[in-house]
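Here's the structure, in structure tokens; my notes come after.
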Amino acid sequence: GLTKQQKLDRISALPGQPRELTFSHFSGYVTVNEEHGRALFYWLTEAATSAQNKPLLLWLNGGPGCSSVAYGASEEIGPFRINKTGLSLYPNKHSWNREANIIFLESPAGVGFSYTNTSSNLKDSGDKRTAQDALIFLIRWMSRFPQYKFRDFYIAGESYAGHYVPQLAKRIHDHNKASSRPVINLKGFIVGNAVTDFNYDSIGTIMFWWSHAMISDSTYHKIIKTCNFSDENTSTKCNEVVNYASNHELGDIDQYSIYTRTCM
Amino acid sequence: CTENYAEKYFNRPEVQKAMHANVTGIPYKWTACSDVLIRNWKDSEDSMLPTYKELIAAGLRIWLFSGDTDSIVPVTATRFSLSHLNLPVKTKWYPWYSGTQVGGWTEVYKGLTFATVRGAGHEVPLFRPKEAFILFKSFLAGKELPKS
């Protein structure tokens with residue numbers, strides 16, 4: 001029962017994939033701006049069982065500039081993980097497509113396989129256009145996959161997706177207000193380690209460094225005394241003391257996972 | 001190092017062909033993060049808290065979680081930001097469980113659920129896949145995280 005375009009987007013097999021798959025997956029491009037030639041790349045992995053009854057989830061990563069299939073799709077919630085040679089895939093037994101149909105979106109144009117025919121677009125991206133393009137992507141993608149219209153829909157993500165996810169949710173919410181029967185049936189969103197508020201996030205980060213004994217008392221007090229994170233631009237003195245903490249006290253660790261070895 | 005594996009895999013021509021990707025011949029290699037975009041990002045809201053207030057009022061289901069070994073956007077950053085929403089507490093702070101292990105701690109506010117994931121870094125489902133999946137299932141079901 002696939003349409004012509006869905007057949008074109010269907011992935012028959014990925015190089016190095018585990019032999020038998022219990023789900024269908026699709027990928028391809030959706031144009032979001034004809035004038036500038038912006039097109040976003042998606043990868044839909046349908047639910048492993050009863051896909052037609054399961055909700056739809058859109059996953060976005062962080063950055064800005066890093067919402068690619070390297071992270072959510074290939075390291076975290078997708079059905080496949082990539083082995084270290086980059087030649088084969090192995091199954092992720094905790095893949096979220098056990099519970100939902102999942103779309104991974106490379107966003108905005110310029111990330112991963114997503115592209116723009118207007119090179120200046122790579123230098124004038126920002127939150128607003130990213131949210132607008134993502135909304136247009138969703139509307140057009142649902143025209144391509146109408147079986148997902150009116151389906152329970154959620155958004156998820158991490159890190160700078162703390163901006164992308166609520167901003168897209170707001171765009172959808174505003175878009176839906178104009179319709180008596182909205183096609184995008186947005187129910188909610190979930191975000192991890194999310195960038196939320198520059199001032200409070202910054203203070204909370206310094207508190208974490210100190211409370212986890214990653215920086216000295218002296219450096220902690222200097223940062224608290226010197227830095228005013230509510231200012232639009234941080235001062236040179238503040239940058240110096242934060243850089244000192246990063247370069248001389250945090251040490252050669254993986255700041256994204258403080259008890260994990262760094263990748264050599 | 002898993003990011004490096006993705007760089008190898010997604011730059012293979014046969015992978016791109018199978019995924020119907022790079023059909024226009026993009027003039028740069030596939031890469032996990034675009035440095036050009038990061039360097040030139042134009043607009044970024046200082047605070048998402050007003051947007052959260054609006055979306056909470058709209059009745060959306062909103063969950064925030066935090067891997068507690070991340071020092072880039074750490075748990076204290078999220079808690080400090082969230083505290084400024086001044087949301088009333090619906091279910092008091094408690095440890096949630098993954099089997100017999102504490103998965104993390106959680107608090108349910110009116111309109112928003114916050115949960116930590118013990119031992120997880122920035123990419124929570126990478127470091128704690130089982131716990132992240134429990135979190136996701138609870139979120140989809142609209143249920144609170146398991147108390148035992």
Side-chain angles (χ1 to χ4, degrees), chain A residues 9 11 14-15 27-28 41 55 63-66 68 70 74-77 82 84 86 94 96 99 110-113 115 122-128 159 162-163 166 169-170 173 187-198 200-201 203-205 207-209 255-260 263, chain B residues 1-3 5-6 8-9 14-15 18-22 24 26 30 32-34 36-38 40-49 51-52 55 58 60-67 69-74 76-77 80-81 84 121-127 129-130 133 136-137 139-140:
Chain A
D9 283 8
I11 299 173
L14 282 179
S27 61
F41 181 79
C66 303
S68 73
S74 307
E75 296 186 353
E76 299 177 78
I77 66 162
I82 303 168
K84 60 171 70 174
H94 298 292
W96 288 14
E99 293 290 327
V111 173
F113 293 125
Y115 67 86
L122 301 176
K123 295 186 175 173
D124 59 11
S125 269
D127 282 14
K128 283 196 184 87
S159 194
H163 280 212
K170 183 171 159 31
H173 178 65
K187 295 288 188 187
F189 64 84
I190 178 167
V191 204
N193 296 76
V195 175
T196 304
D197 179 289
F198 182 76
Y200 302 138
D201 284 355
I203 296 168
T205 299
M207 284 160 54
F208 183 89
W209 290 356
Q255 288 192 45
Y256 291 90
S257 174
I258 60 174
Y259 306 125
T260 304
C263 176
Chain B
C1 297
T2 45
E3 191 180 314
Y5 313 158
K8 287 181 193 166
Y9 190 74
E14 64 272 34
V15 170
M19 297 188 84
H20 327 114
N22 197 10
T24 55
I26 302 168
W30 182 95
C33 278
S34 166
V36 180
L37 285 179
I38 296 169
N40 295 289
W41 200 253
K42 290 299 175 208
D43 61 287
S44 176
E45 287 189 70
D46 282 342
S47 178
M48 295 309 300
L49 297 178
T51 307
Y52 273 98
L55 295 173
L60 291 184
R61 183 183 304 160
I62 300 174
W63 283 38
L64 262 78
F65 61 96
S66 184
T69 67
D70 174 30
S71 72
I72 296 292
V73 190
T76 40
F80 201 45
S81 287
H84 289 83
H122 196 68
E123 295 173 84
V124 170
L126 168 67
F127 295 101
K130 185 180 167 194
F133 190 60
F136 180 55
K137 278 204 297 188
F139 166 74
L140 281 186

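Below, chain A is the first sequence line, B the second, and so on; all start at residue 1.
Nearest heavy-atom pair, B/S71 versus A/T205, reported as atom, atom and distance to 0.1 Å: O-CG2, 3.7 Å. Nearest heavy-atom pair across B/L37 and A/G110 is CD1-C, 3.9 Å. Annotation for A/I82 and B/A6: closest pair CD1-CA, 3.6 Å, computed over non-hydrogen atoms. Summarising the geometry of B/S44 relative to A/D127, their closest heavy-atom pair is CA-OD2, 3.4 Å, with the distance given to 0.1 Å. The nearest pair of heavy atoms linking A/D197 to B/S47 is OD2-OG, 2.7 Å. Nearest approach of A/F41 to B/A21, heavy atoms of both residues: CE1-CB, 3.6 Å.
Ring orientation note: the planes of A/Y200 and B/H84 are close to parallel, at an angle under 30° on the 30°/60° scale.
Most heavy-atom pairs under 4.5 Å with chain A: of the set B/W30, B/Y52, B/F127, this distinction falls to B/W30. Heavy-atom pairs under 4.5 Å with chain B were tallied for A/Y259, A/Y115, A/F198, A/W96; the largest tally goes to A/W96. Highest contact tally toward chain B, considering only A/S27, A/A169, A/A70, A/G162, is held by A/S27 [criterion: heavy-atom pairs under 4.5 Å]. Per-residue heavy-atom pair counts under 4.5 Å with chain A were compared for B/P129, B/S34, B/S81, and the maximum is reached by B/S81. Interface check for chain B: of the options A/S68, A/P15, A/C66, the most heavy-atom pairs under 4.5 Å are formed by A/P15. Interface check for chain B: of the options A/G188, A/P55, A/G126, the most heavy-atom pairs under 4.5 Å are formed by A/G126. No other option in B/L126, B/I72, B/T24, B/L64 has as many heavy-atom pairs under 4.5 Å with chain A as B/I72. Taking A/T260, A/N193, A/I203, A/I258 one by one and counting their heavy-atom pairs under 4.5 Å with chain B, the maximum is reached by A/N193. Ranked by non-hydrogen atom pairs under 4.5 Å with chain A, the options B/K8, B/E123, B/E3, B/E14 are led by B/E123. Counting heavy-atom pairs closer than 4.5 Å to chain A, the top residue among B/T76, B/N22, B/D43, B/T69 is B/D43. Ranked by heavy-atom pairs shorter than 4.5 Å toward chain A, the options B/S66, B/A18, B/G121, B/P125 are led by B/P125. With chain B as the partner, the residue from A/G63, A/G28, A/A194, A/G192 showing the most heavy-atom pairs under 4.5 Å is A/G192.
Residues meeting the side chain to side chain contact (heavy atoms under 4.5 Å, CB included) test with A/D9, sequence neighbours left out: A/Q5, A/F26, A/Y42, A/R144, A/F145. For A/F208, the ring-ring contact (aromatic ring centres under 6.0 Å, His included) partners at least two apart in sequence or on another chain are A/H212.
Both the backbone and the side chain of A/S159 come within less than 4.5 Å of a heavy atom in chain B. Contact of B/T51 with chain A is made through the side chain alone, with heavy-atom distances under 4.5 Å. For A/W209, the part lying near chain B is the side chain, with the backbone staying farther off; criterion is any non-hydrogen pair under 4.5 Å. Of the two parts of A/K84, the backbone and the side chain both hold a non-hydrogen atom closer than 4.5 Å to a non-hydrogen atom of chain B. Proximity to chain B is limited to the side chain of A/H173, based on heavy atoms less than 4.5 angstrom apart. Both the backbone and the side chain of B/I38 have a heavy atom closer than 4.5 Å to some heavy atom of chain A. Within the 4.5 angstrom heavy-atom criterion, only side-chain atoms of B/I26, from C-beta onward, approach chain A. With a 4.5 angstrom heavy-atom cutoff, A/P166 touches chain B via backbone and side-chain atoms both.
To the nearest 0.5 angstrom, A/L14 atom CG is 5.5 Å from B/M19 atom CE.
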Test side-chain contact (heavy atoms from CB on, under 4.5 Å) on B/N40 and A/D124; report intermediate values, then the result.
CA-CA 7 Å; B/N40 295 289; A/D124 59 11; over 6 Å; no
A/H94 vs B/K130, test: side-chain contact (heavy atoms from CB on, under 4.5 Å). Steps then yes/no.
CA-CA 6 Å; A/H94 298 292; B/K130 185 180 167 194; 3.7 Å; yes
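Within a 6.0 Å sphere centred on NZ of A/K128, other residues, nucleotides and ligands contribute 12 heavy atoms or fewer.
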